Amino acid sequence: MHQKNNEQKPEVASSWLEQLNDRQLEAATHSAGPLLIIAGAGTGKTRTIAYRVAWLIQQGVAPERILLLTFTRRAAQEMLNRARSLCRSSTGKVWGGTFHAVGNRLLRIYGRAAKLEPDFTVADEADSADLLGMIRTELGYSSKDKRFPRKATIRSIYSRVVNSREPLEDVLEKEYPWCIEAEKGLRGIFTEYNKRKQELQVLDYDDLLLFWKYLLEIPEVRERMESQFEHILVDEYQDTNIVQAEILLGLRQKNNNITVVGDDAQSIYSFRGATIRNILEFPKQFPDTTIVTLEENYRSVQPVLDVANAVMEQARFKYTKNLWSNRKSKQRPILMVCTDEAEQCQMVCDEIAKHLDEGIPLQAQAVLFRAGHHSDMLEVELARRNIPFHKYGGLKFIETAHVKDLLAFLRILENPRDDLSWFRVLQMLDGVGPKTARRIVVHLREQKLEFQSLTEFDVPAAAQEQFAGLVDLLLSIQGAGRKIEVATQVERLRNYYEPLLERLHGNPVPRRRDLEQLEHIAQRYRSRGSFITDLTLDPPQSTADFAGPPLKDEDFLILSTMHSAKGCEWQAVYVIHATDGMIPSDMATGDDESIEEERRLFYVAITRAKDWLYLLFPFRYYARRFRTGDFHNYAQLTRFLPAGVTGLLKQQIVRYGIPEDVPVEMDSEQGIRQKIGELWQPDQDF
DNA sequence: TGTAACTCCCCTCCG
DNA sequence: GGGAGTTACA
């Protein structure tokens, strides 16, 4: 039936295109001009884009003239791998990756027009906050008795302002009302921050987008960049911000071959400045847009979709889409009511083991949660039971102090102007604090960044030996230029650093392992520069898990934040802490907008499940209180599961090993039901 | 000038 | 439990 309306369907539309449904086919083979694909969860979005890329290549579009922007590098890789297997030609030259990663690549080519040297370094969130903190201290805002926002908060405010393009005072008033008094100080800090980044040739994440946009305002550069790409495809368009939309507009002034894919019901990144207005207004920005909507869900069984639809049904801002599936099942999703968090861990582990026995590998199962630390207790239990796992999201390997230390050495070698890294490295030495570090950095700048000049510098006695060793090492690596492998450089730096590690940070054993891991990763890179930026733009997952790094073909369970689960799917999904205050997070219950976003996040989590969906609700939490002593808090079920929805779930009350200290009224099943009844408030009107 | 010990406060999601 | 700021002391 695909063939009905086009006898002139090109011969390239060979058998593989028949694996698509009508809508998907229409999207994949859309010839030219703007295309908006509204793709509900699980409707074959990845597949459609992969086919479209393959189709374009078969039509004769050169791979290097295709730009595929995705939310994570993983997503780009997956789509390109699929496309390659379809069109049997290399997709390696396709420009694929996140906005940030592609921006980084383009800035190294065209950056000089914006006074950027090609060897600039990229500062991650923490580096950027450190720089802001330094400036705050210098400008004298820290020691004043007036409360001034912390460096991480300053960083968020800054990011918010540049990404949403709202005036500082509006952002403060709406999002950070307790910082209003700091407005003037913040302005000064931001101005200095931008100046300093320029001097250091350091860009933060936001700059990768801002400079890209800025380059597009220079007509010659803009034209060259636009003509470089014949087709642009953008995934997860609902999670792009204003700057990103402007970049796309800049890239498509003459050529209007642009495809964007997204789902307004899955917009979950407004804290990063994303706005669903981008997707809603796309047809206005690009006249003559063709809109294709994908609604048939190929992922989940119908009972799972029923719950998902019901959760969305109560959204304050209504979405009209209703997902449907041909995959019938009598198995309803399960709402598991547990006594407390410990029992929740037991239940999750038991069910996972049961499904594993039934033949569902660990990799086809995932535990999802709202915040990185929500899985802490579960991780301990998994380790105890020898269930290997990988954790996505949360604190990353790259953010640990020792990895940042080692990276600082590499950054200095790559970009000697990077004072921030110099400060980090110098202060590792015995007897060197902020003052001495500053003197050394000033000296170095006066000596035109020549490492050799450091040999003349008079450091405090306590530091002399370590300092000399450092200078020798830096000189020898720099002197050898590209002749030493990146991994060898890491190895030599690691040898220098390890004696310092123990004094600087506790817990040296897992930290050493991380550094070995870093060296291992470095083997894949030919240039030090790309190693450093890749690590900041696309950091590897945590390797210091309790269970240890899983071997290559070992099976492992996935733990993931709900945000990082975007775009993934598993046969069995366990959403833990389906408790009000966790989902929605009590950090995000301020206004309707954020509650709605939490609802969409919950929706994303639910729609990851193919066959089995478990929602776990521990109704009692330990609360640690220093003065009053520990006590138990009773929690309420997430407000996103009111009475009408709980009817779609199979409710299961578990009593595992009820702790000895539970109150009498909960010592029986009846008592528990009664207690839950109080907590449930199913008729509460939200 | 550097550092160890002590206090207080706050804790999300990501490239 | 960890980061940031303060204080006492080497």
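Values in this document were obtained by computation on a predicted structure and should not be read as measured data. Proteins come first, then strands; the chains are lettered A, B, ... in the order of their sequence lines, and each starts at number 1.
A salt bridge links A:Asp127 with A:Lys404: at least one charged nitrogen is closer than 4.0 Å to a carboxylate oxygen. The residues A:Asp204 and A:Arg155 are annotated as salt-bridged, a charged nitrogen and a carboxylate oxygen being separated by less than 4.0 angstrom. The existence of a salt bridge linking A:Glu192 and A:Arg136 is excluded, since no basic side-chain nitrogen approaches an acidic carboxylate oxygen closer than 4.0 Å.
Judged by closest nucleotide on DNA chain B, A:Pro460 is the one of A:Asp538 and A:Pro460 placed further toward the 5' end. Each of A:Pro434 and A:Glu125 has a nearest nucleotide on DNA chain B; the 5'-most of these lies closest to A:Pro434.
Of the candidates B:dC14, C:dA4, B:dT12, the closest approach to any side-chain atom of A:Arg272 belongs to B:dC14.
Residue A:Arg136 places at least one side-chain N or O closer than 4.0 Å to OP1 or OP2 of C:dG5. Checking the phosphate oxygens (OP1, OP2) of B:dG15, no side-chain nitrogen or oxygen of A:Thr72 falls inside 4.0 Å. The side chain of A:Thr561 contributes no N or O atom lying less than 4.0 Å from OP1 or OP2 of B:dT12.
Distance CG (A:Leu208) to P (B:dG15): 13 Å, rounded to an integer number of Å. When rounded to the nearest whole Å, the span between OH of A:Tyr205 and P of B:dG15 equals 8 Å. Here B:dG15 presents its C1' atom at 17 Å from CZ of A:Phe211, a figure rounded to the nearest Å. If you measure from atom CZ of A:Phe602 to atom P of B:dT12, you get 21 Å, rounded to the nearest angstrom. For the pair A:Arg105 CZ and B:dG15 P, the interatomic distance rounds to 19 Å; values are reported in whole Å. The separation between A:Tyr176 atom OH and B:dT12 atom P is 12 Å, rounded to whole Å. Note: NZ (A:Lys435) to P (B:dT1) measures 5 Å, nearest angstrom. Straight-line distance from the CZ atom of A:Phe71 to the C1' atom of B:dC14: 6 Å, rounded to whole Å.
The backbone N or O of A:Asn163 sits nowhere less than 3.5 Å from a side-chain atom of A:Asn241 that would complete a donor-acceptor pair.
Annotation: cation-pi geometry not satisfied between A:Arg438 and A:Phe423 (NZ/CZ under 6.0 angstrom from ring centroid, within 45° of ring axis).
Heavy atoms of A:Asp206 sit under 4.0 angstrom from at least one base atom. Residue contacts shown for A:Thr436 are limited to sugar-phosphate atoms, with no base heavy atom under 4.0 Å away. If you check every strand for non-hydrogen atoms under 4.0 Å, A:Arg73 touches nothing.
Centre separation under 5.5 Å together with a plane angle under 30° does not hold for the ring of A:Tyr269 and the six-membered base ring of B:dC13, so they are not marked as stacked.
Across every strand in view, C:dG2 sits in a pair with B:dC9 that passes the Watson-Crick or G-U test at under 3.5 angstrom.
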